Amino acid sequence: MLNRYAGLNLYRGFESLRLRSSSDGRPVVGRATLSASGLPLAFPSRATSRADASSHRHMTDSTPTDAASSHRLRFAPSPTGFLHVGGARTALFNWLFVRKYGGAFLLRIEDTDKARSTDESTRAIFDGLRWLGLDWDEPAVYQGANVARHRSDALRLLAEGKAYRCFCTTADLDERRKAAESQGAAFVYDRRCDRLPVDEIDRRIAAGVPFTIRFRVPDGTTRWDDMVRGEIAFPNADVDDLIILRSDGTPIYNLAVVSDDIAQRITLVMRGEDHISNTPKQILLYEALGAPLPRFAHLPNILGADGKKLSKRHGATAVGDYEHLGILAEAMVNFLALLGWSAGDDREVMPRADLIALFSTEGLLRKPGVFDVKKLEWMNGQHLGMTSAEVLEPLLSPLAVSQGLATAVELATRRAWWLQLIDLLRIRGRTTVEIVRMAVPYFRDDFEYDPDAVAKQWKDRDATARLLEAVRSRLAGSGWDPVELERDLRALADELGIGAGKLLQPLRVALVGSSASPGIFDVLVLLGRERSLRRVDRALTMLAEAD
RNA sequence: GGCGGUAUCGUCUAGGGGACUAGGACACAGCCCUCUCAAGGCUGGAACACGGGUUCGAAUCCCGUUACCGCUACCA
């Protein structure tokens, strides 16, 4: 980790501030395009271009985009892990809002917790958003690049008497907190440092006693009209005097967010419900800083099957996990959109364009929802069925290659054939991974024969052998297209006096080793005459060999 | 503990005083279609947390209870 906070020189900064009555602090604008950590990733991708963003816009209906009231929303994840589905959902709603009503969707990486933030996580967040197709409209901002502004905002509050120095140590605070809790009481900071005489404060500063800066919460009640929950009010008495600047001069979350949201002129803060209790603190900070308030919207949490907030122990919770499981980004977006929002009618499966067109803040839900993987898979199957083979091919080819089914060159040479196979398989599978698995017998001869299918369809070995013998000679003389094959094979069944199924099922096992596959005549065409006959021959051999 | 939030089938939801013997979807079961599977169609079981109000009338409004979730850091 690079020492991105080097050179803060905090005590000097504090001193100079104390002598001055206001922070003259030249506004420090974060160098947004530069990653504080040196990541070469400031711009997301071509998908971020203005042109692209506006192409989304014209797909939606109406909604004014007059610059004066243009919305500015942001997604502000902390890079301490992979992009979680909860975070992805939050990002999606912010994105949907902007694509629907106009404005800008911003990305801010909250990397001020240097102990936990990693470049790898930042990359994972970019990858996840890119995969989902959630493009942001301005270069990503790194919060760590703005600590100077955060600090000057904190010092300004100090200078204006809206905050005070607190000399209490962490150890002391912990002890008092523990004591209060053991008596069943809620711990609230008793403002003892706010009552220190001026000369005592000066003495401690002179003695180099470390201090934090605490925001002095005013009397009254803080309320706001939450876009999803209606009015929420907190008596300020329940809001603790929060620390806004650590004793090492770095900012605390609530201050940093407010400072950045003001700087980025955010108009609507849409985030998870776990931030509800941070909101009064932040509103108070906006007011103290003299900045106009944004609107707030708190989305419900996403829960695991056990009803607890979704976390790693629930299994796959990173969006990247689902990408690897074979879920389509379109399906993931669709599914996530329905977790906390409803179109108001019974519409569930829909493409992104409809999601944008139908999105409305009215449809935002308050109740936490359980992440149901089964339904995600079903929805993915629906999307697979709606997506053309041409679109699916670039997704499936790498998988087929990595599974050793073929080389990329081979796939390219047999593209028409490959597309035809995809077309037959896409409505039968629920994930791309499953489709590739189903494709195995069409690529390789060493596929597995399903024991159950063999036991059931090749029960009477002699009879099956005679049957396949007949099928083989009929196949050898048949024209090789679905219509002729069907005609000839059905005729054979008639001649033999058996139902078509009695003939086709044993053949299916011979061809693909399973009792489930696309229509048998399509399978024959896909396999080709030579390979089909070879597989029948092999089945005959297997039937003869078996005791 | 304190503060805040939420409460309709197992799950996601529709519902916003009478159209509700509560609708749809996933999952589950059965049937149909059919060369199998998938898809599709049909059918079935399955819910308004509880208690008070308000009202001619409450899933819908109000209060309380309960349950669950979140927050309660010199984390974000």
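Per chain, numbering begins at 1; letters A, B, ... match sequence-line order. For clarity, every value in this text was computed on a predicted model and none was experimentally measured. Scope of the values below: all heavy atoms of this structure, side chains included, with no hydrogens, waters or symmetry mates.
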- Under 3.5 Å donor-acceptor, A:Arg347 side chain and A:Ala343 backbone: no

- Task: Kindly confirm or rule out a cation-pi arrangement of A:Arg165 over A:Phe211, judged by NZ or CZ under 6.0 Å from the six-membered ring centre and within 45° of its axis?
- Result: yes

- Query: Start at the 5' end of RNA chain B and walk down; is the nucleotide closest to A:Arg428 or to A:Gly344 reached first?
  - Reply: A:Gly344

- Mate of B:A22 where both pairing distances stay under 3.5 Å, Watson-Crick or G-U: none

- Write down the distance separating the C1' atoms in B:C69 and B:A59, rounded off to the nearest Å. 23 Å

- For A:Val269 and A:Arg74, which heavy atoms make the closest approach, and how far apart are they? CG1-NH2, 3.7 Å

- Task: Report yes if at least one side-chain N or O of A:Arg177 is closer than 4.0 Å to OP1 or OP2 of B:A73; otherwise report no.
- Result: yes

- Item | Minimum-distance nucleotide to A:Asn278 side chain [options: B:A76, B:U11, B:C74] | B:A76

- Between A:Glu434 and A:Arg430, is there a donor-acceptor pair closer than 3.5 Å when you use the side chain of the first and the backbone of the second? yes

- Establish, from distance only, whether the side-chain atoms of A:Asn380 and A:Tyr322 form a donor-acceptor pair under 3.5 Å. no

- Using only heavy-atom distances, decide whether a donor-acceptor pair under 3.5 angstrom links the side-chain of A:Ser517 to the base of B:C37. no

- Query: Which part of the nucleic acid, if any, lies within contact of A:Thr169, taking any heavy atom under 4.0 Å across all strands shown: a base, the sugar-phosphate backbone alone, or nothing?
  - Reply: base

- Task: Between A:Gly307 and A:Leu338, just flag the one whose closest nucleotide in RNA chain B comes earlier from the 5' side.
- Result: A:Leu338

- Item | Side chain of A:Ile520 (C-beta onward), nearest among B:C26, B:C75, B:C35 | B:C35

- Between B:C69, B:C74, B:C35, spot the one nearest the side chain of A:Lys308, thanks. B:C69

- Report the C-alpha distance between A:Phe335 and A:Phe371 in whole Å, list the side-chain angles of each, state the deciding distance to 0.1 Å, and finish with yes or no for ring-ring contact (aromatic ring centres under 6.0 Å, His included). CA-CA 9 Å; A:Phe335 180 74; A:Phe371 190 89; 5.2 Å; yes

- Under a 3.5 Å cut-off for both distances, is B:G4 Watson-Crick or wobble paired, and to whom? B:C69

- Item | Closest to side chain of A:Asn301, choosing from B:C74, B:U36, B:C69 | B:C69

- Task: Report yes or no: do A:Gln282 and A:Asn254 form a side-chain donor-acceptor pair below 3.5 Å?
- Result: yes

- Can you tell me how far P in B:U34 sits from the matching atom in B:A7, rounded to whole Å? 47 Å

- Task: Please determine, for B:U34, whether a Watson-Crick or G-U wobble partner exists with both distances under 3.5 Å, and give it or none.
- Result: none

- Item | Distance, P atom - from B:A47 to B:G24, rounded to whole angstrom | 14 Å

- Select one nucleotide: of B:C74, B:C69, B:A27, the one nearest the side-chain heavy atoms of A:Trp378. B:A27

- Item | B:A76 phosphate, OP1 or OP2, under 4.0 Å from A:Thr112 side-chain N/O | yes

- Task: Take A:Phe126 and A:Trp136, measure what ring-ring contact (aromatic ring centres under 6.0 Å, His included) needs, and give me the verdict at the end.
- Result: CA-CA 10 Å; A:Phe126 287 153; A:Trp136 49 106; 5.5 Å; yes

So which protein N/O to nucleotides 60-66 of chain B N/O distances come out below 3.5 Å?
none

- Message: Is there a side-chain contact between A:Gln382 and the phosphate of B:G40, meaning an N or O under 4.0 Å from OP1 or OP2?
- Response: yes

- Message: Over all strands shown, is A:His275 touching base, sugar-phosphate only, or nothing at heavy-atom distances under 4.0 angstrom?
- Response: base

- At under 4.0 Å between heavy atoms, what does A:Leu303 touch on the DNA or RNA strands: base, sugar-phosphate, or nothing? nothing

- Message: I want to check one thing: is the phosphate of B:A76, taken as OP1 and OP2, less than 4.0 Å away from some side-chain N or O of A:Arg246?
- Response: yes

- For A:Cys166, answer base if it contacts any base atom (sugar-phosphate contacts may also be present), sugar-phosphate if it contacts only those atoms, and nothing otherwise; contact means non-hydrogen atoms under 4.0 Å. nothing

- Item | Geometric cation-pi criterion A:Arg204 and A:Phe167, 6.0 Å radius, 45° cone | yes

- Task: Write down the distance separating the C1' atoms in B:G16 and B:U11, rounded off to the nearest Å.
- Result: 23 Å

- Task: Measure from CD on A:Gln505 to P on B:U34 and round the result to the nearest Å.
- Result: 15 Å

- Item | B:G10 to B:G5 separation - C1' atoms, rounded to the nearest Å | 24 Å

Sub-3.5 Å pairs of nitrogen or oxygen atoms, protein against nucleotides 2-8 of chain B:
residue	atom	partner	partner atom	Å
B:G5	O3'	A:Arg229	NH1	3.4
B:G5	O2'	A:Arg229	NH1	2.5
B:U8	OP2	A:Lys367	NZ	2.9

- Message: Of the listed nucleotides (B:G70, B:A76, B:A14), which one gets closest to any side-chain atom of A:Leu365?
- Response: B:A14

- Scan side-chain atoms only and decide if A:Thr279 and A:Arg271 contain a donor-acceptor pair under the 3.5 Å cut-off. yes

List every contact pair, protein side and nucleotides 22-24 of chain B side both N or O, where the distance is under 3.5 Å.
residue	atom	partner	partner atom	Å
B:G23	N2	A:Asp346	OD1	3.3

- Message: Is the terminal nitrogen or CZ of A:Arg108 (NZ for Lys, CZ for Arg) located under 6.0 angstrom from the six-membered ring centre of A:Phe75 and within 45° of that ring's axis?
- Response: no

- So, is A:Arg271 near the phosphate of B:G70, with a side-chain N or O under 4.0 Å from OP1 or OP2? no

- Message: Check the phosphate of B:C37 against A:Arg508, side-chain N and O only, distance under 4.0 Å to OP1 or OP2. Yes or no?
- Response: no

- If you look at every strand shown and take non-hydrogen atoms under 4.0 Å, does A:Pro518 touch a base, only sugar-phosphate, or nothing? base

- Task: Go through the steps to decide whether A:Leu376 and A:Met332 satisfy the test side-chain contact (heavy atoms from CB on, under 4.5 Å), and finish with yes or no.
- Result: CA-CA 7 Å; A:Leu376 203 213; A:Met332 194 70 195; 4.1 Å; yes

- Message: Whether the A:Ser259 and A:Arg149 side chains hold a donor-acceptor pair (N or O, under 3.5 Å, no angle test) is what I'd like checked.
- Response: yes

- Message: Please give the distance between the P atoms of B:G23 and B:U43 as a whole number of Å.
- Response: 13 Å

- When you compare B:G51 with B:A29, how far apart are their C1' atoms, in angstrom units rounded to a whole number? 37 Å

- Between B:C50 and B:A67, how far apart are the C1' atoms? Round to whole Å, please. 10 Å

